[in-house]
Amino acid sequence: MGKNKIIKGLVITAVVIAAVAIGGSIVTGGVISDKILHQNEGKNTCENSLKQLELWGYDIDAFNAEYQGVDVSTVAEDGNLVPGTLFEQGSDTCVVLVHGAGGDRVSIYPLAEGYLQDGYDVIAIDQRGCGSNGDDRVTFGINEELDVEAMVAYARQTLGYDKVIVHGQSMGAQTAVIYAANVVPGEAEAADAVICDSPVPGMELMLRLMFGDGEEGAHSPVTNFLIGTSKSFMSTFDRIDWDDADTIEVASRIELPVLIIVSDRDEVCLPQYVEQIYDNITSEGSAILHVDSAHIEGIIDDADGYMDSVGNFLTSVGV
């Protein structure tokens with residue numbers, strides 16, 4: 001009898017410990033997932049863009065004086081409202097610009113200026129969780145690519161553009177890669193060419209580097225726990241599969257011509273990972289461009305050289 005009581009006590013203790021461990025993991029996963037999805041909560045992404053432009057020494061007032069944009073919007077497949085600013089000057093080609101994390105569409109205006117000076121029309125959009133986008137969740141391009149699809153189709157079908165280009169920076173470039181992997185050439189939502197400047201190489205990879213404070217800790221026990229709990233929670237409760245944002249892997253599905261731009265002094269999206277994205281792209285006409293700049297600063301350091309290289313790529317693929 002005494003032995004049975006001991007066994008029963010051990011079983012109950014084990015069950016309690018397991019329940020606490022599972023419950024703790026679920027709570028941890030939920031907290032981390034919420035922080036990832038709502039990473040811009042309480043932040044002023046519009047103000048962040050202005051601060052970034054000021055840090056770069058970019059004259060946003062001069063841009064606004066030279067170019068007058070008009071607000072446009074469309075609705076994505078999942079019902080999300082996609083806002084943007086259209087800069088129109090009579091071109092038959094429109095460039096849809098997709099900004100990076102933490103800012104809004106204004107942060108990509110230096111790139112918009114480059115295209116406008118070269119005679120293109122431009123639509124700069126707000127990504128999800130940023131600016132006035134209708135969705136407050138950041139999903140590393142998984143849902144954001146639906147917004148790009150919708151805006152490309154809008155540019156073709158509503159605004160009547162003959163050709164459409166998509167150009168993203170950083171997390172916006174990750175969105176552009178995922179977008180390119182999910183559209184069929186020739187369809188209304190498929191761009192004629194896609195340009196990805198310093199793309200985030202993958203949702204899990206980026207979070208591992210953040211949680212582990214660099215490559216050395218990316219696969220530590222603590223990092224593995226944080227990644228495992230949050231990845232499982234988001235898949236189960238938010239229906240978001242991190243593998244859909246594995247930029248390196250999904251690049252292999254791309255059928256559109258893509259230019260990958262590597263910032264050789266990048267400490268955010270490390271060059272070796274960005275190069276792996278290009279290595280997995282097999283679509284005809286795709287190319288890689290190295291610029292001697294920090295993260296997405298090629299357009300800041302040498303706007304003329306940057307745009308010349310972009311123009312050469314577009315000419316080579318017939319856009």
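Here, residue 1 is the first one in the sequence, and each next residue gets the next number.
Contact annotation: the side chain of I195 approaches that of F313 to within less than 4.5 Å [non-hydrogen atoms, C-beta and beyond]. Residues V106 and I60 meet the side-chain proximity criterion, which asks for heavy atoms closer than 4.5 Å. The side-chain heavy atoms of D238 and L37, taken from C-beta on, include a pair separated by under 4.5 Å. In this structure, V310 and Y115 have side chains that are in contact, with non-hydrogen atoms separated by less than 4.5 Å. Under the 4.5 Å side-chain criterion, counting only non-hydrogen atoms from C-beta, Q169 is in contact with L111. Looking only at side-chain heavy atoms (C-beta outward), V274 and I260 come within less than 4.5 Å of each other. Side-chain contact check for V98 versus V166: some heavy-atom pair is nearer than 4.5 Å. Using a 4.5 Å heavy-atom threshold, the side chains of I165 and L314 count as touching.
A donor-acceptor contact shorter than 3.5 Å is absent between the side chain of N40 and the backbone of K43. Of the possible donor and acceptor atoms, one in the side chain of N80 sits under 3.5 Å from a partner among the backbone N and O of D135. Listed for the K163 side chain is a donor-acceptor partner under 3.5 Å among the backbone atoms of G318. In terms of modelled atom types and a separation under 3.5 Å, the side chain of T236 and the main chain of F233 share no donor-acceptor contact. Distance alone, capped at 3.5 Å, places no donor-acceptor pair between the S33 side chain and the G30 backbone. In terms of modelled atom types and a separation under 3.5 Å, the side chain of N182 and the main chain of I178 share a donor-acceptor contact. In this structure, the side chain of T175 engages the main chain of M171 through a donor-acceptor pair within 3.5 Å. Although no hydrogens or angles enter the test, the distance criterion places no donor-acceptor pair under 3.5 Å between the side chain of T223 and the main chain of H219. Side chain of D241 to backbone of S235: no donor-acceptor contact under 3.5 angstrom is found. Judged by distance alone, the side chain of S107 and the main-chain N or O of G103 form no donor-acceptor pair under 3.5 Å.
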For E189 and E77: C-alpha separation, side-chain torsions, deciding distance, then whether side-chain contact (heavy atoms from CB on, under 4.5 Å) applies.
CA-CA 11 Å; E189 65 272 13; E77 180 183 316; over 6 Å; no
Please walk me through it: do E144 and T139 pass side-chain hydrogen bond (donor to acceptor under 3.5 Å, both in side chains)?
CA-CA 7 Å; E144 290 83 351; T139 64; 2.5 Å; yes
M210 and M206: side-chain contact (heavy atoms from CB on, under 4.5 Å), yes or no, with the steps?
CA-CA 6 Å; M210 290 172 58; M206 183 59 69; 4.2 Å; yes
side-chain contact (heavy atoms from CB on, under 4.5 Å) between Y179 and V152, intermediate numbers included:
CA-CA 11 Å; Y179 154 79; V152 171; 3.6 Å; yes
Assess the residue pair D264 and D266 against the criterion (side-chain contact (heavy atoms from CB on, under 4.5 Å)); give the C-alpha distance rounded to whole Å, side-chain angles, the decisive distance to 0.1 Å, and a yes or no.
CA-CA 6 Å; D264 286 336; D266 201 329; over 6 Å; no
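Here OG of S170 is found 8.5 Å from CG of D197. Values are rounded to the nearest 0.5 Å. The OG atom of S252 lies 9.5 Å from the CD1 atom of I281; values are rounded to the nearest 0.5 Å. Going from atom CG of L270 over to atom CG of L209 covers 6.5 Å, rounded to the nearest 0.5 Å. Taking CH2 from W242 and OG from S232, the interatomic distance works out to 9.0 Å, rounded to the nearest 0.5 Å. Rounding to the nearest 0.5 Å gives a distance of 12.0 Å between CD1 of I125 and OG of S73. Between the CD1 atom of I36 and the NZ atom of K231 there is a distance of 11.5 Å, given to the nearest 0.5 Å.
At a threshold of 4.5 Å between side-chain heavy atoms, the hydrophobic network of Ile, Leu, Val, Met, Phe, Trp and Tyr places L207 and L205 in two separate groups. Under the 4.5 Å side-chain contact rule for hydrophobic residues, M234 and L226 share a cluster. Y154 and V194 fall within the same hydrophobic cluster, where Ile, Leu, Val, Met, Phe, Trp and Tyr residues are linked whenever their side-chain heavy atoms come under 4.5 Å apart, directly or through other members. Both I300 and L50 are assigned to one and the same hydrophobic cluster, defined by single-linkage of ILVMFWY side chains at heavy-atom distances under 4.5 Å. There is no path of hydrophobic side-chain contacts, each under 4.5 Å, that joins V291 to V262.
Between R137 and D34, none of the side-chain N atoms (NZ, or NE/NH1/NH2) sits under 4.0 Å from a carboxylate O, so this pair counts as no salt bridge. The existence of a salt bridge linking R265 and D292 is confirmed by a sub-4.0 Å separation between a basic side-chain nitrogen and an acidic carboxylate oxygen. Between D136 and R128, no side-chain nitrogen of the basic residue sits less than 4.0 Å from a carboxylate oxygen of the acidic one, so the salt-bridge criterion is not met.
T247 and Q174 form a side-chain donor-acceptor contact under 3.5 Å, judged by distance and modelled atom types alone. Inspection of the D104 and T45 side chains reveals no N or O donor paired with an N or O acceptor under 3.5 Å. A donor and an acceptor atom, one from each side chain of S293 and S263, are nowhere located under 3.5 Å apart. A donor-acceptor pair shorter than 3.5 Å cannot be found between the side chains of Y161 and D92. No side-chain N or O of S49 forms a donor-acceptor pair with one of R105 less than 3.5 Å apart.
Residues in residues 149-159 take part in these salt bridge (Lys or Arg N to Asp or Glu O under 4.0 Å) pairs, two or more places apart or across chains: R156-D192. Listed by first and then second residue, the salt bridge (Lys or Arg N to Asp or Glu O under 4.0 Å) pairs that reach into residues 205-218 are E204-R208, sequence neighbours excluded. Applying the ring-ring contact (aromatic ring centres under 6.0 Å, His included) test to every pair with at least one member in residues 30-72, sequence neighbours left out, gives these pairs: F63-Y67, F63-F87, F63-Y109.
Counting non-hydrogen atoms of neighbouring residues, nucleotides and ligands closer than 6.0 angstrom, the CD atom of E54 reaches no more than 12 such neighbours. Other residues, nucleotides and ligands contribute over 12 non-hydrogen atoms within 6.0 Å of the CD atom of Q272. Shown here is E267, whose CD atom has no more than 12 heavy atoms of other residues, nucleotides or ligands within 6.0 Å.
Here the closest heavy-atom approach between residue Q157 and residue A188 is recorded as NE2-CB, 3.4 Å. Closest of all the heavy-atom pairs between I32 and S230 is CG2-CB, 3.6 Å. Among all heavy-atom pairs drawn from V72 and I123, the shortest one is CG2-CG2, 4.1 Å. A76 and A150 make their closest contact through CA-CB, 3.7 Å (heavy atoms, listed as atom of the first residue, atom of the second, distance). Scanning both residues, I254 and S283, for their nearest heavy atoms gives O-CB, 3.5 Å. Q127 and N133 make their closest contact through O-CB, 3.2 Å (heavy atoms, listed as atom of the first residue, atom of the second, distance).
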